[in-house]
Structure formats: structure tokens, C-alpha cells
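We name chains A, B, ... by the order of the sequence lines, and we start the count at 1 in each one.
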There are 2 protein chains.
Amino acid sequence: MKTIDIFKALSNETRLSMLHWLKEPEKHFPAQGAHIPKGIHFVGGVCVGDIQEKAGLSQSTVSSYLNMMQKAGLLESFRYGQWTYYRRNEPFIREFAEQIRTEL
Amino acid sequence: MKTIDIFKALSNETRLSMLHWLKEPEKHFPAQGAHIPKGIHFVGGVCVGDIQEKAGLSQSTVSSYLNMMQKAGLLESFRYGQWTYYRRNEPFIREFAEQIRTEL
DNA sequence: TTGACTTATCGCGAAATCTCGATATATAAT
DNA sequence: ATTATATATCGAGATTTCGCGATAAGTCAA
């Protein structure tokens, strides 16, 4: 949650791309939610496997990248069954951007 | 000048501090410009030596950090005589902050 | 020219990051 | 229980970054 950790998370081409892809999930990934029951809504989340395929890196790398971005606060995740869905943490990102604008 | 390079430059405690110190040079450094003749104005610039002392790292490290931040676009420099003065590149930083706000 | 001073560059070992394959864990299906 | 699938974690080699001291390059004063 430290500023440095956010910058570090953003200091990698692949991770930066992931963040951008997740801005428009429906544009960059197959339709999601096939495994999410009706009651639960986690809009905009994409499962790890689809992100991995898009990124073209190994499964382990993508998993740890996503975990790193979540720890930094940029992403949030939701697990349903054997799937983990990730999406952008928009309020956090907005807040961060605002902080950059005023304090950098 | 690539976005990644900016994030990398910001991914270090010392470099981030330097950028903050240079927001209010008169607050963090001795008075500057003793070696700048009247005709030239490079307001807000601080010489490498003063930045080094404040940072508490070696001269070589500080010099290369400053150079790195300049290459990224965050700083600009002006050499007069044997002194090199660095200051924030405010338009660039503002532009970067705006880009973060709209594109991150 | 010589010497003093400021900054930049070079080379290095230590630490961190990148990325992978292998394996572990968790859940689902049979 | 066993098997299959999705994700997380572990260990390792390659690359990058960190920060240093030594040295080079540029400038000024005597």
C-alpha cells in the first residue's frame, strides 16, 4: 500500500498492459462469469487463465504479477470455486492518480 | 521518455524524495545561485553537491540518479561553470500526472 | 601549467526483479 | 476415493538495479 510499491507494480510492461486490458475487459477477454452463480456480481472481473493467455507469460508469472498488483492496491480479486477473478480497484486508482496530481 | 522509465525513476525512495525536495528548494537546501551570473535565471535549480548532502548517498549515486530522472523527463538541468543545477520539469510532471489520471 | 573543485562515468559486488518449470493447494466432477 | 482443472507457491538461473569507490572530464584560480 506504499506509494513506492505502486510505482514498482507499474514499472513493468506486462503489468501495465494488464491494468489497461482490465479497463475494458469485454474488449480484451472472452466473456466472463460462466462459473459465477447468479446471486453474486463481480462486474469486470477476469479469471487468471484468460489474463495469462493474453499476456503470453507463464501461469506462475501471471499469478504472482496479479498478486503483486493486488497487494499494491491496484487490483481486487474474488474467488469463486476454482476460479479467481481479478478486476481494477477503481476508487484506489482514482485516489492514486489524484495524489500524483497534487503531491508529485 | 517512456512511461515505464518514469515509473522506474519513481520506484526508489531516494529519487522520490529528491523530487519532493525540489518542490520547495528554499525550504530544503541552502540558497542557490551564488555561482550563477545575474544575466541568467534558472529559478529553483539546486546544485548536485547540495542534493547529495541532503540525500546522504555517494556523489556518484546521486549524480546518476539525477541523470536518470532527467532522462525520464522529470528533471531538467543547467550547467554554469563547474556546477550543474537541477530542477523539476514542471510542465512535464503536470502532463504526466494528467496522463495518469486519464489513461491509467 | 598546476592544483583545487564540481560533476560525470566506469567497474564492481550485493541485492532485487524477471520469468520459468515443478509442485502444492483448492475445488469440482465422476 | 480418484481424477481433472484452476490457481498459488516454491526454487532457481538470468537479468537488472542499488550504491559504492576510483577515476575521468570539465572548469576555475593562481
Side-chain angles (χ1 to χ4, degrees), chain A residues 2 4-19 22 29-37 40 42 45-72 74-87, chain B residues 2 4-18 22 29-30 32-37 40 42 45-72 74-87:
Chain A
K2 295 208 341 271
I4 292 282
D5 294 325
I6 302 173
F7 284 132
K8 281 185 182 170
L10 297 172
S11 294
N12 177 279
E13 208 75 65
T14 301
R15 290 192 297 264
L16 206 50
S17 294
M18 289 176 177
L19 204 58
L22 288 172
F29 301 102
Q32 300 291 312
H35 309 284
I36 303 179
I40 299 172
F42 187 72
V46 180
C47 72
V48 177
D50 287 348
I51 300 175
Q52 187 220 326
E53 184 160 356
K54 178 96 177 170
L57 294 181
S58 74
Q59 188 271 321
S60 58
T61 296
V62 170
S63 176
S64 72
Y65 277 10
L66 291 169
N67 178 56
M68 172 187 186
M69 287 196 277
Q70 181 180 28
K71 274 183 185 155
L74 295 165
L75 300 182
E76 53 191 355
S77 73
F78 173 75
R79 165 173 270 247
Y80 179 72
Q82 41 192 334
W83 284 270
T84 305
Y85 292 86
Y86 282 90
R87 73 177 174 194
Chain B
K2 296 211 335 275
I4 292 282
D5 293 326
I6 302 172
F7 284 132
K8 281 185 182 172
L10 297 171
S11 295
N12 176 280
E13 208 75 65
T14 301
R15 290 191 297 264
L16 206 51
S17 295
M18 288 176 176
L22 288 172
F29 301 102
Q32 300 292 313
H35 311 283
I36 304 180
I40 299 172
F42 187 72
V46 179
C47 70
V48 178
D50 287 347
I51 300 176
Q52 188 219 325
E53 184 161 354
K54 176 96 177 172
L57 294 181
S58 76
Q59 188 270 323
S60 59
T61 297
V62 170
S63 176
S64 72
Y65 277 10
L66 290 168
N67 179 56
M68 172 186 187
M69 287 195 278
Q70 181 180 28
K71 274 183 185 156
L74 295 165
L75 299 183
E76 53 191 355
S77 74
F78 173 75
R79 165 173 271 245
Y80 179 72
Q82 40 193 335
W83 284 269
T84 305
Y85 292 86
Y86 281 90
R87 72 175 175 196

Exercise. Take atom CD of B/Q52 and atom P of C/dC5, then tell me their distance rounded to the nearest Å.
Key: 15 Å
Self-check item: A/R79 CZ to A/C47 SG distance, which is reported to the nearest 0.5 Å
Solution: 11.5 Å
Quiz item: Below 4.0 angstrom from OP1 or OP2 of C/dC18, is there any side-chain N or O of A/N12?
Solution: yes
Quiz item: Between A/N67 (CG) and C/dT17 (P), how many Å, whole number?
Solution: 14 Å
Self-check item: Distance below 4.0 Å between B/T84 side-chain N/O and C/dA8 OP1 or OP2
Solution: yes
Self-check item: N/O (side chain, A/R79) to phosphate O (OP1/OP2, D/dA6) under 4.0 Å
Solution: no
Quiz item: Any side-chain N or O of B/Y65 less than 4.0 Å from the OP1 or OP2 oxygen of D/dG19?
Solution: yes
Practice problem: Spell out yes or no: do the side chain of B/S58 and the base of D/dG19 have one donor N/O and one acceptor N/O closer than 3.5 Å? | Solution: no
Self-check item: Atom-pair distance (CE on B/M69; P on C/dA8), nearest Å
Solution: 12 Å
Quiz item: Sub-3.5 Å donor-acceptor pair from the side chain of A/Q52 to the main-chain atoms of A/L57, do we have one?
Solution: yes
Quiz prompt | Minimum-distance nucleotide to B/S63 side chain [options: C/dA8, D/dA8, C/dC18] | solution = C/dA8
Quiz item: For DNA chain C, whose closest nucleotide is more 5', that of A/K8 or that of A/W83?
Solution: A/K8
Quiz item: Got a second to check how far B/N67's CG is from B/Y86's OH, nearest 0.5 Å?
Solution: 5.5 Å
Quiz prompt | N/O (side chain, A/Y80) to phosphate O (OP1/OP2, C/dA26) under 4.0 Å | solution = no
Quiz item: So does A/Q59 reach the base of D/dA6 with its side chain, donor to acceptor, closer than 3.5 Å?
Solution: no
Quiz prompt | Rounded interatomic separation in angstrom, taking CD1 from B/I51 and C1' from C/dA8 | solution = 14 Å
Exercise. Mind calculating the distance between CE (A/M68) and P (C/dA16) to the nearest angstrom?
Key: 14 Å
Quiz item: Can you tell if the side chain of A/F29 reaches within under 4.5 Å of the side chain of A/L22, non-hydrogen atoms only?
Solution: yes
Quiz prompt | Phosphate contact (D/dT9 OP1 or OP2) by A/S64 side-chain N/O below 4.0 Å | solution = no
Quiz prompt | Integer-rounded Å distance: C/dT19 C1' and A/M18 CE | solution = 12 Å
Quiz item: Which one, D/dA6, D/dC28, D/dC20, comes nearest to the side chain of B/Q82?
Solution: D/dC28
Quiz item: What is the distance from CZ of A/F78 to C1' of D/dA8, rounded to the nearest Å?
Solution: 18 Å
Quiz item: What's the CD1-P distance between A/I4 and D/dT17, to the nearest Å?
Solution: 15 Å
Quiz item: Is the shortest side-chain N/O distance from A/T61 to OP1 or OP2 of C/dC20 below 4.0 Å?
Solution: yes
Quiz item: Does the B/R15 side chain pair with the main chain of B/S17, one donor and one acceptor, at a distance under 3.5 Å?
Solution: no
